[in-house]
Amino acid sequence: MFTGIIETLGRVQEIQKDQDNVHITVASSITGELKIDQSIAHNGVCLTVVAIKDNTYTVTAIAETINKTNLSHWKVGDTVNLERAMKLGDRLDGHIVQGHVDQTGTCIAIEEAGGSWHYTFEYDSNLNNITIEKGSITVNGVSLTVVNSKQNQFSVAIIPYTYEHTNFNAFQIGTVINLEFDVIGKYVSRLYGNR
């Protein structure tokens, strides 16, 4: 389980295909604190550390993960948001995040708003995921509050700290992002149908 509060950034060093799997090597300031078998959210995708060397570590993604997330868009040199699993007893500063991406979305608008930024994302509503006005959403692993919720799109407001300490500052129109919808929203969607 995660909180959606990004701990640090990592930089993709190597991407190696192995049949249907992909091994991704990441350099990060927290590498020295990691251990094999540890779960880390990468842009909201929970992946397991399988190797550690110097200041880099490697994780492996299987075909299902690659198909549901934006991992197939990653390139060497890309920056990814990193969060280690939460510790039992810690404060829950964001919201409950599973690290299981529901689907991808696309950035369709970026607007500077007097020291903050508004981002609008579009997603395929046929997958029965919904956003709720003022509810929670995870975008590339970042816990955010939904504004301007519509059937297939929503917006979020980003403060300067989040802009500087996540990969939101690299987003452009057309950037494909990972979405994990709030577990409460998922429950409501399945209980009442996507309205």
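- The minimum heavy-atom distance linking T104 with K68 is given by the pair CG2-O, 3.7 Å.
- Following chains of ILVMFWY side-chain contacts shorter than 4.5 Å, one can reach I173 starting from F154, so the two form part of one hydrophobic cluster.
- Closest approach of L47 to T60, counting heavy atoms only: CD2-O, 3.8 Å.
- In this structure, the separation between OG on S155 and CD1 on I137 is 12.0 Å, given to the nearest 0.5 Å.
- Checking Q103 against N129 by side-chain atom types alone, a donor-acceptor pair falls below 3.5 Å.
- Annotation: the span from N152 atom CG to D124 atom CG amounts to 8.5 Å, rounded to 0.5 Å.
- If you chain together hydrophobic residues whose side chains sit under 4.5 Å apart, V156 and Y161 never meet in one group.
- Each of N178, T69, N167 was checked for a side-chain hydrogen bond (donor to acceptor under 3.5 Å, both in side chains) with N43, and the lone residue meeting it is N167.
- In this structure, the separation between OG1 on T106 and CD on Q153 is 11.5 Å, given to the nearest 0.5 Å.
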> What do the steps show when you test T138 against V101 for side chain to side chain contact (heavy atoms under 4.5 Å, CB included), and what is the final call?
Replying inline: CA-CA 9 Å; T138 307; V101 171; over 6 Å; no
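- Taking the six-membered ring for Trp, Y123 and F181 have ring centres closer than 6.0 Å.
- Between the side chain of N81 and the main chain of N140, a donor-acceptor pair closer than 3.5 Å is present.
- With hydrogens and angles ignored, the 3.5 Å screen pairs no side-chain donor or acceptor of E122 with any backbone N or O of C107.
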>> Apply side chain to side chain contact (heavy atoms under 4.5 Å, CB included) to residues T120 and H118 and explain how you reach the verdict.
In response: CA-CA 7 Å; T120 301; H118 291 175; 5.7 Å; no
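- Follow the hydrophobic side-chain contacts under 4.5 Å out from I36 and you reach V26 in the same cluster.
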>> Would F2 and M86 count as a side chain to side chain contact (heavy atoms under 4.5 Å, CB included) here? Give the steps.
In response: CA-CA 5 Å; F2 303 90; M86 67 183 202; 6.0 Å; no
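- Under the 4.5 Å side-chain heavy-atom criterion for Ile, Leu, Val, Met, Phe, Trp and Tyr, V142 and V12 are members of distinct hydrophobic clusters.
- Heavy atoms from other residues, nucleotides or ligands lying under 6.0 Å from NZ of K17 number more than 12.
- Atom CG of residue N70 and atom CG of residue L179 lie 9.5 Å apart, to the nearest 0.5 angstrom.
- Checked by atom type and distance alone, the side chain of R11 pairs as donor or acceptor with a backbone atom of G77 at under 3.5 Å.
- When hydrophobic clusters are built by joining Ile, Leu, Val, Met, Phe, Trp and Tyr residues whose side-chain heavy atoms come closer than 4.5 Å, directly or via intermediates, V22 is grouped together with Y57.
- Side chain of Q38 to main chain of R84: no donor-acceptor pair is present (N/O by atom type, distance under 3.5 Å, no hydrogens or angles).
- Here the straight-line distance linking atom NE2 of H100 with atom CE of M1 works out to 8.5 Å at 0.5 Å rounding.
- Counting only heavy atoms from C-beta outward, the side chains of I24 and L71 approach each other to under 4.5 Å.
- Remark: side-chain polar atoms of K53 are not paired, donor with acceptor, to backbone N or O of N55 under 3.5 angstrom.
- Using cut-offs of 30° and 60° on the angle between ring planes, the pair F168 and F171 is tilted.
- Of all non-hydrogen atoms in V147 and K134, the two that sit nearest each other are CG1-NZ, 3.7 Å.
- Nearest heavy atoms, I66 versus N21: CD1-C, 4.5 Å.
- Between atom CD1 of residue I5 and atom CD of residue E7 there is a gap of 11.0 Å, rounded to the nearest 0.5 Å.
- Closest approach of L82 to I40, counting heavy atoms only: CD2-CG2, 4.3 Å.
- Checking side-chain atoms of S28 against main-chain N and O of G10 turns up no donor-acceptor pair under 3.5 Å.
- A donor-acceptor contact closer than 3.5 angstrom links the side chains of T3 and E83.
- Side chain of Q16 to backbone of H23: no donor-acceptor contact under 3.5 angstrom is found.
- A donor-acceptor pair is defined here as one N or O able to donate and one able to accept, closer than 3.5 Å; no such pair exists between the side chain of D20 and the backbone of A63.
- The shortest non-hydrogen separation linking S39 to C46 is CB-SG, 3.8 Å.
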